[in-house]
A.B. asks: 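Would you mind keeping the following structure in view while I ask a few things?
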Amino acid sequence: MDLEIPITSGKSQGSGEYFARFGYVLVHVLTGLIMETFPSQSHRGRLRNETVTTVTFGDSTTRNIAIGCGRKNQGLFRGSAGLLGLGGKSLSFPSQINSPSFSYCLVDRYATSASTLEFGSLAIPSDAITVPLLRNSKMDTFYYLGLTGISVGGQMLPISPSAFALDQSGDGGVIVDSGTTVTRFRPEVPPGIPSVAFLFDTKTLELPDNNYFTKVAENVFCLSFATTSQRTSIIGNTQQQGMRVSFDVGRSLIGFTVVEVDKIFEEFGGFNLVAWNCMISAKFQDGNVYEGCRLFDEMPERNEVSWSTLVSGLMRYGKVEESVLYFKKNPFRDVVSWTAMINGFVKNGLNFDGLMVFRKMLNCGISPNAVTFTSVIKACIGLSDFDCGRSLLGLIVRYGFEHNVSVCNSIITLSLRMGETEVARRVFDEMEVRDVVSWTTILDVYVEIGELKEARRIFETMPEKNEVSWSTMIARYSQNDDAEEALKLYNQMVLEGFKPNLSCFSSIISASASLVDLKLGMNIHGHMIKSGMEREVFIGSPLIDMYSKCGKDEDGRRVFDFISEKNVVSWNSMISGYSLNGQLEEAEELFEQLPKRNIVSWNTMISGYIQNEYCEKVLEVFSQMLLSGENPNGFTFSSVLSACASLASLEKGKDIHGKIIKLGIHYGVFIGTALTDMYAKSGDIKSSRKVFKRMQEKNEVSWTAMIQALAENGFAEEALNLFEEMERRSAVAPTELTFSAVLFACSHCGFVDKAFRHFESMERVYGIKPKGRHYTCLVDLLARSGCLTEAEELIKAMPFQPETNAWASLLSACSTYNNEEMAERTAWKLWELSTENSAGYVLLSNIYASAGRWKDVSSVRKLMKGRNLKKIGGCSWIEVRNQVHSFYSEDGNHLRSAEIYGILEILMFEMVIV
DNA sequence: CTAGGGTTAG
């Protein structure tokens, strides 16, 4: 259905006039039209992402379509469905607002939370998160500015992970379209709910300037951050002064806009003292330190509340010196302001100074209260000064706060940090009144001592939970690699109406990263955006990690660029993300740019080179690292050793081993295993055995490394014995890789029966499904033992596509056992799988040659030539003074090859004589 | 009857 809505004529004229008064133009589209566009029957129960209908608005230049978000009381963010940025800090009015290619839409909040209709744009900015709330007094509805995604030609083109993740979050549909096709992301839309939408177009109409928006945003935001009582207070005040302000906690967190705040100032001569204090507090909560200070300076009179608001506000943003200065000037130094000082120091990590302030306070004759004690206890915990903590207990009793709930809560934490978990439990048990913090703290006690089951039991039975309780459990499951359980809890938490906070997001995005589930990750990313936390460093890194693990390093980069205050962890995550996706150049570039590298940065870069098989680079970076003065740790060494193993560079490996001993680094499982492997790969099996023997702690990887080491160095029986020892000890279970090594060993001894026995036990005893390489081992074993038919049958019986190596092994055995007929068959099979495998051609032609079938030899050669293949010769190399020299058979490419061949002749001559 | 300081997770 096509709908032509002329934007520059007819009905919209009135709208133009209306909005012209505000300095910009909006187009008002009435519900009727919308409901016509989306008749109720047609969209009920339909699937997501379905093209609903074709809508054309306006002419080509003013054509703007958007689709809305959220549905009231549905989805994950109940009551605030579709509200982007609500309660978040990351309000940024994008500079692109003046860019003609972008247009923005204002959408009626309730309309969109009820139905899917909005108007968007042809193009949407990539940082699609900006959402200030505006209240239009004339319409008495709330609006938000929503920027989302883009689709061109009906195809969804998410231009940022933000935009796309927004779609994925499931609690609101978003966007689409170049102007002809609207794609709806909500499965059903309840009919009959009025919708109102506004949009303004940057191409044809003037926009309000940035200042206007910034001002609106700031002030709205400021109030959105205020507590309920702060807002109630402001309303109370303004109402007293005769102004009518509508405010409904149940409906919205946003009470009013800057327009009204300004009006209050203009028409009523400003706030009274209480309202001033509220405004200052709200400014600080919003992170606007400058504005908070300005308001403080400008206010006509101040009381103790104003002063302590300022002092704590400054402390919260790390402005310790300024805060102290103001504290000194403060004429009303009461308990609260002293406590604010103590806590401010503690917040900034200056625990000792906090305690000093406490002492000074006592010296000044000010009596501490319960809040003071909670702060001082925190300082002791921060300092790990448990003697001080103990002496505080006496003071608490003297001032009579031993039954105070908050003080007891702090004592529980103190006891936990002191390692006195039983004391913690006793304090908890003896409390007469417990609050949600008490329960959460005792929950944490069990989580900390690793009694997750007991913690879970407490969690299930505690009388009240808050978001910290949920976070505690979720974080722990996530840390214990139980991502599924973490997610289950997360979903449950959201369903029960709790809003995930920063720390919860951090855990849950790590969990989804470990599941490598992009859709899930984006879903959660969408929640983050809607909570306005997208720019936080704390969730940025796991988010980068998630995108990178899912192969979306570019999206990871967008997240990275978007973090407002990056730290070294963010940089490391991004570097690791790039190398995970093979983008080593980008990783290197970032590594170079990284302002301050830490040990993890170096390790990340090193393991990046390993993953991408640039082993020489590893040693290079490692020496750079030593030069820079950074001390390598266990991770560094195990990576560097594995590089040495790949290079089969015994000299380097020994050198590294020496460094490890010199630095006195403890031989953990990782280093031990890496050493075992390195020595084995470099051919020094004796040292390999020695290291393995000395390892105090061994895991399945260590055992596997040793078994493989023995098998590959011709000690197959010893390898098998070691495996049996491993099975007997049953402390560690063999893995897939262990079995590869074991079968390899069997194959080298010709132990057919043993091999089949182990192979069979894989699934039966250990529940490991055999993979291609295990079958290949068996095929190889059968073929080498001359059981060609059995080998061929095994290949055919494999439950999946056999590896090319399986065919190659068989072919090679056909050659050994002169089975021409099977060789031909096998060679063709091999070529079917891989035309580039030159070994097949060579083998077959050799078989023909030995049978005297010269015609066939030449046809195979021709075939090989026609496919542009060359025989890959065997290659040997030797390491001399840190340089690897490699040689092929009859190779004359080496710079000093004349000399080399000369020496070789002398050697040969001497060998003959001896 | 409204305004300032605090405890739990990461």
Side-chain angles (χ1 to χ4, degrees), chain A residues 226-240 271-282 284-285 296 299 302-313 315-316 327 330 332-344 346-347 357 361 368-379 381 401 404-414 416-417 424 428 434-445 447-448 455 462 465-476 478-479 500-510 536-539 541-542:
Chain A
T227 61
T228 308
S229 42
Q230 282 170 349
R231 266 183 262 120
T232 314
S233 169
I234 292 179
I235 289 162
N237 272 278
T238 51
Q239 277 172 344
Q240 272 171 27
F271 287 142
N272 66 11
L273 183 57
V274 175
W276 270 109
N277 288 338
C278 286
M279 285 300 291
I280 295 170
S281 171
F284 277 116
Q285 280 176 70
F296 180 83
M299 66 195 294
R302 302 177 188 98
N303 63 2
E304 66 276 22
V305 177
S306 331
W307 283 95
S308 51
T309 306
L310 185 78
V311 161
S312 72
M315 278 296 199
R316 197 181 311 159
F327 179 72
N330 180 3
F332 317 92
R333 259 180 265 168
D334 60 357
V335 214
V336 177
S337 54
W338 279 99
T339 306
M341 272 325 271
I342 295 170
N343 206 267
V346 174
K347 263 204 189 102
V357 175
M361 169 184 166
N369 63 16
V371 180
T372 319
F373 280 116
T374 57
S375 303
V376 183
I377 291 175
K378 209 177 178 191
I381 294 173
F401 291 108
N404 179 282
V405 183
S406 299
V407 173
C408 286
N409 293 342
S410 296
I411 294 172
I412 295 173
T413 308
L414 177 70
L416 171 62
R417 301 288 166 235
F428 177 80
R434 298 181 193 103
D435 64 5
V436 63
V437 179
S438 326
W439 281 99
T440 309
T441 311
I442 200 70
L443 182 73
D444 189 45
V445 169
V447 162
E448 278 288 298
M462 56 201 273
K465 298 181 184 83
N466 65 13
E467 73 281 359
V468 181
S469 336
W470 286 95
S471 290
T472 306
M473 292 307 293
I474 292 170
R476 189 49 61 134
S478 171
Q479 281 160 15
N501 60 18
L502 202 63
S503 111
C504 184
F505 276 137
S506 155
S507 313
I508 207 66
I509 200 70
S510 308
E536 298 284 342
V537 239
F538 201 50
I539 51 176
S541 298

A.B. asks: For A:Leu414 and B:dT8, what is the distance between atoms CG and C1' respectively, to the nearest whole Å?
C.D. replies: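 Interatomic distance, CG of A:Leu414 to C1' of B:dT8: 14 Å.
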
A.B. asks: Identify whether any heavy atom of A:Lys465 sits under 4.0 Å from a base atom; if not, whether one sits that close to sugar-phosphate; answer base, sugar-phosphate or nothing.
C.D. replies: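 The residue A:Lys465 makes no contact with any strand.
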
A.B. asks: Would you tell me if any nitrogen or oxygen in the side chain of A:Gln479 comes within less than 4.0 Å of OP1 or OP2 on B:dA9?
C.D. replies: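 No, A:Gln479 has no side-chain N/O under 4.0 Å of OP1/OP2 on B:dA9.
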
A.B. asks: Give the nucleotide from the list B:dG4, B:dG10, B:dG5 with an atom nearest to the side chain of A:Asn343.
C.D. replies: B:dG5

A.B. asks: What is the separation between atom CD1 on A:Ile412 and atom P on B:dT7, rounded to the nearest whole Å?
C.D. replies: 15 Å

A.B. asks: Starting from C1' on B:dT7, measure out to CG on A:Leu443 and report it in whole angstrom.
C.D. replies: 15 Å

A.B. asks: Among B:dA9, B:dG4, B:dG5, which is the nearest nucleotide to the side chain of A:Val335?
C.D. replies: B:dG5

A.B. asks: What about A:Asp334: does its side chain form a donor-acceptor pair under 3.5 Å with the base of B:dG5?
C.D. replies: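 Counting by modelled atom types and ignoring angles, no donor-acceptor contact under 3.5 Å is found here.
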
A.B. asks: I'd like to know if the side chain of A:Arg434 and the backbone of A:Phe428 have a donor-acceptor N/O pair within less than 3.5 Å.
C.D. replies: yes

A.B. asks: Using only atom types and a distance under 3.5 Å, with no angle test, would you say the side chain of A:Thr339 pairs donor to acceptor with the backbone of A:Val371?
C.D. replies: no

A.B. asks: Counting distance only, does the side-chain N/O of A:Arg302 pair as donor-acceptor with the main-chain N or O of A:Trp307 below 3.5 Å?
C.D. replies: no

A.B. asks: For A:Ser308, answer base if it contacts any base atom (sugar-phosphate contacts may also be present), sugar-phosphate if it contacts only those atoms, and nothing otherwise; contact means non-hydrogen atoms under 4.0 Å.
C.D. replies: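 The answer is base, as A:Ser308 lies within the cut-off (heavy atoms under 4.0 Å) of a base atom.
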
A.B. asks: Counting heavy atoms from C-beta on, name the nucleotide in B:dT8, B:dG5, B:dA3 closest to the side chain of A:Ala340.
C.D. replies: B:dG5

A.B. asks: Check the distance between B:dG10's C1' and A:Lys378's NZ and give it to me in whole angstrom.
C.D. replies: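 Taking atom C1' of B:dG10 as the reference, NZ of A:Lys378 is at 12 Å.
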
A.B. asks: Using only atom types and a distance under 3.5 Å, with no angle test, would you say the side chain of A:Ser471 pairs donor to acceptor with the backbone of A:Glu467?
C.D. replies: yes

A.B. asks: Output the rounded distance in Å from NZ (A:Lys347) to C1' (B:dT8).
C.D. replies: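 It works out to 14 Å between those atoms.
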
A.B. asks: Closest to the A:Ala475 side chain: B:dG10, B:dT8, B:dG5?
C.D. replies: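 Per side-chain heavy atoms of A:Ala475, the pick is B:dG10.
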
A.B. asks: Report the nucleotide, chosen from B:dA9, B:dG4, B:dG5, that has the shortest atom-to-atom distance to any side-chain atom of A:Val468.
C.D. replies: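 That would be B:dA9.
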
A.B. asks: Just call it for A:Thr472: base, sugar-phosphate, or nothing, with non-hydrogen atoms closer than 4.0 Å on any strand.
C.D. replies: sugar-phosphate

A.B. asks: Looking at A:Ser478 and A:Ile474, would you say the former's side chain and the latter's main chain have a donor-acceptor pair under 3.5 Å?
C.D. replies: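 Answer holds: no.
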
A.B. asks: Centroid separation under 6.0 Å, is that true for the rings of A:Trp338 and A:Phe327?
C.D. replies: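 Aromatic pair counts; centres sit under 6.0 Å.
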
A.B. asks: Would you kindly give the CD-to-P distance between A:Glu536 and B:dG10, to the nearest whole Å?
C.D. replies: 18 Å

A.B. asks: Is A:Arg333 touching bases, backbone alone, or none of the nucleic acid, heavy atoms closer than 4.0 Å?
C.D. replies: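 Touches nothing.
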
A.B. asks: Ignoring the backbone of A:Arg316, work out which of B:dG10, B:dT8, B:dG5 is nearest its side chain.
C.D. replies: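 So the nucleotide nearest the side chain must be B:dG5.
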
A.B. asks: Output the rounded distance in Å from CZ (A:Phe505) to P (B:dA9).
C.D. replies: 20 Å

A.B. asks: As a test of reading the structure: which of B:dT7, B:dG5, B:dA9 is closest to the side chain of A:Arg417, going by heavy atoms?
C.D. replies: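 That would be B:dA9.
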
A.B. asks: Could you tell me how far apart A:Ile539 (CD1) and B:dA9 (P) are, to the nearest whole angstrom?
C.D. replies: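 Rounded to the whole Å, the gap is 20 Å.
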
A.B. asks: Would you mind telling me which of B:dG5, B:dT7, B:dT8 lies closest to the side-chain atoms of A:Thr374?
C.D. replies: B:dT7

A.B. asks: From the set B:dG4, B:dT8, B:dG5, return the single nucleotide nearest to any side-chain atom of A:Ser281.
C.D. replies: B:dG4

A.B. asks: Which nucleotide, B:dT8, B:dG5, B:dA3, lies nearest any side-chain atom of A:Asn466?
C.D. replies: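 Of the options given, the side chain of A:Asn466 lies nearest B:dT8.
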
A.B. asks: Classify A:Glu467 by what it touches in the nucleic acid, base, sugar-phosphate, or nothing, heavy-atom distance under 4.0 Å.
C.D. replies: nothing

